[in-house]
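Input: a single structure, listed below in structure tokens.
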Amino acid sequence: MFLFLTAAFAAEPAHYSADSVASASMTFARYAEALGPKSDALEDAMAVHARSVKEADLGANLVKSRADLSDWQAELRGAYVRQGLEASSFSSWIQDASTDVFTQALDQAVAGFDGELTECKARSGIAAITGPMSGPSSCPGQDVSAALAKAMDDNADLNAVVDQLLAETWPTFDLPSGTQATVPLAGDDGTIRIAKVANALMEIQLAALEAELERDLGDLDRELQGPDAAAALAKAEERRRTYEAQVAAEGEKLMGALEAGLPKAGFDVSICVNPPAYGGCEGADKTDDVIAWAKTDKKVQKALR
């Protein structure tokens with residue numbers, strides 16, 4: 001398979017660039033064109049569900065004094081953790097497998113070259129903009145990147161593995177979904193996404209509580225790996241319950257401030273905890289209008305201090 005390389009270039013030193021080989025390889029192009037959209041779709045789905053589960057979790061905690069959504073919250077959390085870990089693990093695996101396969105194929109092509117062959121690496125940083133290097137070239141002889149790419153394309157084993165990787169079944173997300181009932185607030189002519197409202201009006205307070213929780217849980221990391229892991233886990237669960245109670249208190253403050261002023265401002269809305277990605281709630285979404293009003297209403301702002 002590599003005899004043509006020997007005949008063509010054995011007489012003089014040669015060089016190649018891994019990037020140039022990849023650019024010239026038809027097999028690499030076929031693989032990237034098929035895999036790229038799948039990888040992008042999975043990354044997008046992971047991002048959407050991460051944001052949506054975080055919104056649902058925050059929303060359920062904010063309304064806890066008025067509605068118990070703990071069962072739904074736990075079901076959603078659990079499904080996301082399982083499916084999110086599967087998606088993340090698969091994404092890492094397919095990337096590592098892809099790199100390994102093409103690296104090994106390139107190594108085989110390089111090993112089949114009979115002569116002096118140097119890898120020419122791309123210049124980066126300041127070196128890339130300062131012009132030609134002084135002294136001898138770091139890339140001696142003829143560029144055989146295209147020939148190495150042809151050898152890879154002719155590698156039956158590589159093409160077989162590529163076909164296997166492209167045939168892999170990609171993970172999907174299937175989290176609990178469906179239209180959810182609203183939580184009463186100030187009418188039923190529209191809804192507001194309570195987590196989005198809270199993030200807009202109480203960002204500093206919520207960020208402080210989250211940072212405190214992360215710090216406390218971080219302090220328990222070493223204990224969770226030690227002989228008293230069960231006790232550490234109990235501490236972690238207790239700390240999370242404390243955090244959720246603190247968020248619920250902030251949520252009650254927010255709901256109280258809103259319901260006092262919403263009717264006078266012409267808003268007859270209820271609360272939606274369920275994110276749109278999981279079905280949302282019935283009724284027109286008036287979240288952005290309520291946020292715009294609340295940010296300029298002096299009584300609301302005073303109540304939230």
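Keep in mind it's a predicted model, so treat the numbers as computed, not measured. Residue numbers run from 1 in the order of the sequence given.
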I'd like to know if the side chain of [X] and the backbone of [Y] have a donor-acceptor N/O pair within less than 3.5 Å.
| X | Y | result |
| --- | --- | --- |
| Thr296 | Trp293 | yes |
| Lys302 | Asp297 | no |
| His15 | Cys120 | no |
| Gln83 | Asp174 | yes |
| Asn155 | Ala151 | no |
| Thr103 | Thr99 | yes |
| Ser91 | Ala87 | no |
| Ser52 | Val48 | yes |

Name every donor-acceptor pair, under 3.5 Å, that has one atom in a side chain of residues 263-282 and the other anywhere in the protein, sequence neighbours excluded.
unit_1, atom_1, unit_2, atom_2, d
Ser270, OG, Thr182, OG1, 3.2
Asn274, ND2, Gly178, O, 2.9
Asn274, ND2, Tyr278, O, 3.1
Asn274, ND2, Gly280, O, 3.1
Tyr278, OH, His49, ND1, 2.8

For a side-chain hydrogen bond (donor to acceptor under 3.5 Å, both in side chains) check, start with the C-alpha distance between Asp19 and Ser17, then their side-chain angles and the critical distance, and finish with the verdict.
CA-CA 5 Å; Asp19 288 343; Ser17 161; 4.9 Å; no
Quick one: pull up [atom1] in [X] and [atom2] in [Y] and give me the separation to the nearest 0.5 Å.
| X | Y | atom1 | atom2 | value |
| --- | --- | --- | --- | --- |
| Leu148 | Asp107 | CG | CG | 10.5 Å |
| Thr287 | Ile291 | OG1 | CD1 | 6.0 Å |
| Gln104 | Asp157 | CD | CG | 11.0 Å |
| Arg66 | Ile194 | CZ | CD1 | 9.0 Å |
| Thr242 | Leu209 | OG1 | CG | 11.0 Å |
| Leu158 | Gln108 | CG | CD | 8.0 Å |

To check you understand the geometry: which heavy-atom pair defines the closest contact between [X] and [Y], and what is its length?
| X | Y | answer |
| --- | --- | --- |
| Gln205 | Leu304 | NE2-O, 3.0 Å |
| Val300 | Ala257 | CG2-O, 3.9 Å |
| Asp153 | Met26 | OD2-N, 2.9 Å |
| Ala195 | Gly59 | CB-N, 4.0 Å |
| Ala294 | Gln301 | O-NE2, 2.8 Å |
| Arg305 | Lys253 | O-NZ, 4.0 Å |

Answer yes if Leu85 and Ile94 sit in the same cluster of Ile, Leu, Val, Met, Phe, Trp and Tyr residues linked by side chain heavy atoms under 4.5 Å apart, and no otherwise.
no
Trp170 vs Leu35, side-chain contact (heavy atoms from CB on, under 4.5 Å): CA-CA, chis, key distance, verdict:
CA-CA 10 Å; Trp170 285 62; Leu35 200 72; 3.3 Å; yes
How about [X] and [Y]: do any of their side-chain heavy atoms sit closer than 4.5 Å?
| X | Y | result |
| --- | --- | --- |
| Cys139 | Thr118 | no |
| Ile192 | Leu258 | yes |
| Lys64 | Leu69 | no |

Is it true that [X] and [Y] have a side-chain N and a carboxylate O under 4.0 angstrom from each other?
| X | Y | value |
| --- | --- | --- |
| Arg240 | Glu237 | no |
| Arg82 | Glu75 | no |
| Asp216 | Lys235 | no |

Output, in order, the C-alpha distance, side-chain angles, deciding distance and verdict of side-chain contact (heavy atoms from CB on, under 4.5 Å) for Asp189 and Lys286.
CA-CA 9 Å; Asp189 185 22; Lys286 299 186 178 180; 3.7 Å; yes
More than 12 heavy atoms of other groups within 6.0 Å of Lys299 NZ:
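Result for NZ/Lys299: open.
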Tell me whether the count of non-hydrogen atoms from other residues, nucleotides or ligands lying under 6.0 Å of CG in Asp188 goes above 12.
no
Checking Val21 against Phe102 for the side-chain contact (heavy atoms from CB on, under 4.5 Å) test, could you report, in this order, the C-alpha distance in whole Å, the side-chain angles of both residues, the deciding distance, and whether it holds?
CA-CA 10 Å; Val21 173; Phe102 281 95; over 6 Å; no
Might you work through the salt bridge (Lys or Arg N to Asp or Glu O under 4.0 Å) test for Lys150 and Asp154, ending with a clear yes or no?
CA-CA 6 Å; Lys150 179 63 167 58; Asp154 291 341; 2.6 Å; yes
Write out all pairs satisfying salt bridge (charged side-chain N to carboxylate O under 4.0 Å, His left out) with one or both partners inside residues 43-56, taking only residues at least two apart or from two chains.
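Listed by first then second residue: Lys54-Glu210, Glu55-Arg193.
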Go through Phe113 and Tyr16 one step at a time and tell me if the ring-ring contact (aromatic ring centres under 6.0 Å, His included) criterion holds.
CA-CA 11 Å; Phe113 181 83; Tyr16 72 96; 9.0 Å; no
In a check of side chain to side chain contact (heavy atoms under 4.5 Å, CB included) between Ser98 and each of Trp93, Tyr31, Phe28, which one passes?
Tyr31
Give the C-alpha distance, both sets of side-chain angles, the deciding distance and a yes or no for side-chain hydrogen bond (donor to acceptor under 3.5 Å, both in side chains) between Asp285 and Thr191.
CA-CA 5 Å; Asp285 184 353; Thr191 64; 4.7 Å; no
Which is it for Asn61 and Glu250 under the side-chain hydrogen bond (donor to acceptor under 3.5 Å, both in side chains) test, yes or no, and what are the steps along the way?
CA-CA 9 Å; Asn61 289 332; Glu250 294 295 334; over 6 Å; no
Verdict with reasoning, Glu244 to Arg77, per salt bridge (Lys or Arg N to Asp or Glu O under 4.0 Å):
CA-CA 14 Å; Glu244 291 178 352; Arg77 272 185 192 168; 2.7 Å; yes
Determine whether Glu168 and Gln164 satisfy the following criterion, side-chain contact (heavy atoms from CB on, under 4.5 Å), listing intermediate values before the conclusion.
CA-CA 7 Å; Glu168 286 287 338; Gln164 289 178 353; 5.9 Å; no
Would you please test Glu214 and Arg239 for salt bridge (Lys or Arg N to Asp or Glu O under 4.0 Å) and show each step?
CA-CA 10 Å; Glu214 291 178 355; Arg239 183 61 194 90; over 6 Å; no
